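The structure displayed is predicted, hence computed values, not measured ones. Start at 1 and go down the list; that is how both ligands and their atoms are numbered.
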Amino acid sequence: MKVELTNTTKKLCVIGDPVLHSKSPLIHNTMLAALGLDYVYLCQSVPRGGAEEWLRCAKFAGYAGFNATMPHKEALFPLMDQADEDARLYRAVNTVCIKAGKVYGYNTDGRGFIRALEDLDTAPEGKTVLLLGAGGAARAVALKLVQQGARAVFVCNRTVEKAAALCAHDPLGRLAPAGFDSAALCRLSQRADLVVNCTSLGMEGTPGQFEDLSFLEALPAGAPVFDLIYAPAETELLRRARALGHPAANGLGMLVYQAVFALEHFTDTRIDTAAMAKLLGSVLT
Ligand code: NAP
């Protein structure tokens, strides 16, 4: 898309490695244009280990802020002058604002996920959740689910040690690690009110697929299935869940909402979340 620049246009960007596939520039520049704000949002490749150097560059170059994706979210956290409650909960930031030489860290991933769940008419309170994966996204989702009142979250991962390490960070003891084999998934699925896929299985450009989705047949009727993946728009997991009659959603909503909340921090502006999600939905699909 074309962005009009002036001599005083404020700079924002997303950093990551890899990052060139990122939809954040399109999402943020669309929102900035709709709001009539004089900012530009760029895409900046920063190699692993480069977060501290980037922070110096961003301050020097007068950036108003930036988003961070893999592999920088955890590395940036200890470099913040101040961090919000969610960033402290996950010990990771995805949004950094730079004001008068100080850096303020936020994490909007969990809020974005919860807001996207609302579109499925679902809230975490009292729920038993089957959560697949134990990487960076799973960590934010699991801790947010517990913070928002989930009764129990079974964190199922191929590498069980990683699930156990994630669960050890739970202050409320409601996260439980489990394996990723069919027997474990079927057993836990019977007790679940909600399934959330935080693995990269089924993601465009990656080789892995679920070997066995029969655990969906054990899931109680009406339990929603949420896949963090948004490309493709319908993974095999979502296709099977819908075929079995479960409400299901991909990760596009989460992507959009975390960006809306990030832009509110960057620009100190309140944004009509539903209207912006509608606009972005039409741009992104
Ligand atoms: P990550 O840290 O690399 O974690 C990847 C997870 O997938 C790990 O739990 C890994 O298990 C599991 N996995 C990978 N290949 C597997 C296989 N062949 N069999 C079983 N498990 C496998 O990645 P992440 O940052 O958490 O992202 C995970 C997914 O969420 C990605 O698809 C990403 O695009 C998506 N995401 C979406 C949003 C959004 O806004 N919608 C935000 C963040 C992430 P091991 O631990 O055993 O390796």
Side-chain angles (χ1 to χ4, degrees), residues 14-24 26-28 48 67-75 86 90-95 107-117 119-120 130-145 153-167 169 175 177-182 184-185 195-213 215 225-238 248-263 277 280-281 284-285:
V14 56
I15 66 162
D17 182 19
V19 74
L20 295 182
H21 66 284
S22 173
K23 291 197 189 298
S24 292
L26 174 61
I27 291 174
H28 280 273
R48 184 181 287 276
N67 288 120
T69 183
M70 252 178 53
H72 300 304
K73 292 182 185 184
E74 287 83 9
D86 278 10
Y90 318 140
R91 301 191 67 75
V93 298
N94 75 338
T95 302
N107 200 313
T108 64
D109 284 337
R111 277 182 70 203
F113 167 69
I114 298 294
R115 180 62 188 80
L117 268 192
D119 289 343
L120 266 181
L130 179 66
L131 189 146
L132 310 172
R139 182 184 161 88
V141 167
L143 293 173
K144 194 69 180 173
L145 282 166
V153 180
F154 298 111
V155 179
C156 304
N157 199 45
R158 175 179 61 176
T159 314
V160 187
E161 298 74 26
K162 276 175 70 180
L166 192 167
C167 295
H169 288 281
L175 296 180
F180 200 73
D181 54 288
S182 295
L185 295 183
V195 174
V196 185
N197 177 38
C198 301
T199 75
S200 47
L201 287 174
M203 188 172 128
E204 215 164 76
T206 60
Q209 288 290 344
F210 280 92
E211 277 170 21
D212 183 4
L213 285 166
F215 67 91
V225 176
F226 191 99
D227 197 335
L228 260 63
I229 293 171
Y230 50 84
E234 187 174 63
T235 56
E236 187 58 21
L237 174 80
L238 291 182
N250 69 19
L252 194 66
M254 175 177 172
L255 180 76
V256 162
Y257 291 126
Q258 63 78 26
V260 172
F261 298 139
L263 194 64
L280 289 170
L284 292 166
T285 50

Over all atoms of both residues, closest heavy-atom pair of Ala138 and Leu166: C-CD1, 4.0 Å
Nearest non-hydrogen partners of Ala68 and Val93, listed with the distance: CB-O, 4.0 Å
Proximal atoms of ligand 1 relative to Gly136 (non-hydrogen, under 4.0 Å): 2 (O), 26 (O)
Enumerated ligand 1 atoms positioned under 4.0 Å from heavy atoms of Gly251: 39 (C), 41 (N)
Top protein contact for atom 28 (C) of ligand 1, by heavy-atom distance: Cys198 O, 3.2 Å
Close side-chain approach of Lys73 to Asp109, heavy-atom, < 4.5 Å: yes
Protein non-hydrogen atom below 4.0 angstrom of atom 23 (O) of ligand 1 present: no
Non-hydrogen side-chain atoms of Leu201 and Phe180 separated by less than 4.5 Å: yes
Nearest protein heavy atom with distance in Å, relative to atom 26 (O) of ligand 1: Ala137 N, 2.8 Å
Atoms of ligand 1, numbered as shown, that sit under 4.0 Å from any heavy atom of Lys162: 45 (P), 46 (O), 48 (O)
Numbered atoms and elements of ligand 1 in range of Ile229, under 4.0 angstrom, heavy atoms: 32 (O)
Atom 38 (C) of ligand 1: nearest protein contact (heavy atom, Å): Leu228 O, 4.1 Å
Exercise check, heavy-atom protein proximity under 4.0 Å to atom 3 (O) of ligand 1: no
Closest heavy-atom pair and its distance - Val160, Gly179: CG2-CA, 4.0 Å
Identity and distance of the protein heavy atom lying nearest atom 47 (O) of ligand 1: Thr159 OG1, 2.5 Å
Derivation of the side chain to side chain donor-acceptor pair (under 3.5 Å) call for Asn94 and Thr108: CA-CA 7 Å; Asn94 75 338; Thr108 64; 3.0 Å; yes
Heavy-atom side-chain proximity of Lys144 to Tyr90 below 4.5 angstrom: yes
Residue among Thr199, Asn197, Asn250 satisfying side chain to side chain donor-acceptor pair (under 3.5 Å) with Asp227: Asn197
Nearest non-hydrogen protein atom, atom 48 (O) of ligand 1: Arg158 NH2, 2.9 Å
For Tyr230, the ligand 1 atoms whose distance to one of its heavy atoms is below 4.0 Å: 41 (N)
Location of contacts on Leu255 toward ligand 1, heavy atoms closer than 4.0 Å: both
For atom 34 (O) of ligand 1, closest protein heavy-atom neighbour: Met203 SD, 3.4 Å
Minimum heavy-atom distance between Pro177 and Cys167, given as atom pair plus value: N-SG, 3.5 Å
Val14 side chain near His28 side chain, heavy-atom distance below 4.5 Å: no
Taking atom 5 (C) of ligand 1 as the reference point, the nearest protein heavy atom with its distance: Ser200 OG, 4.2 Å
Heavy-atom pair of closest approach, residues Ser200 and Thr206: O-OG1, 3.4 Å
Proximal ligand 1 atoms for Gly133, defined as those under 4.0 Å from one of its heavy atoms: 9 (O)
Sub-4.0 Å atoms of ligand 1 with respect to non-hydrogen atoms of Phe180: 20 (C)
Mutual orientation of the aromatic rings belonging to Phe215 and Phe210 [parallel < 30°, tilted 30-60°, perpendicular > 60°]: tilted
Enumerated ligand 1 atoms positioned under 4.0 Å from heavy atoms of Gly135: 2 (O), 4 (O), 9 (O), 26 (O)
Region of Leu252 that comes within reach of ligand 1 [heavy atoms, distance under 4.0 Å]: neither
Under-4.0 Å heavy-atom contact with ligand 1, by part of Asn157 that carries it: side chain
Nearest non-hydrogen protein atom, atom 29 (C) of ligand 1: Thr199 O, 3.6 Å
Closest non-hydrogen atom pair, Ile229 against Met203: CD1-N, 3.5 Å
Ligand 1 to Ala134 polar contact by distance, N or O atoms, under 3.5 Å: yes
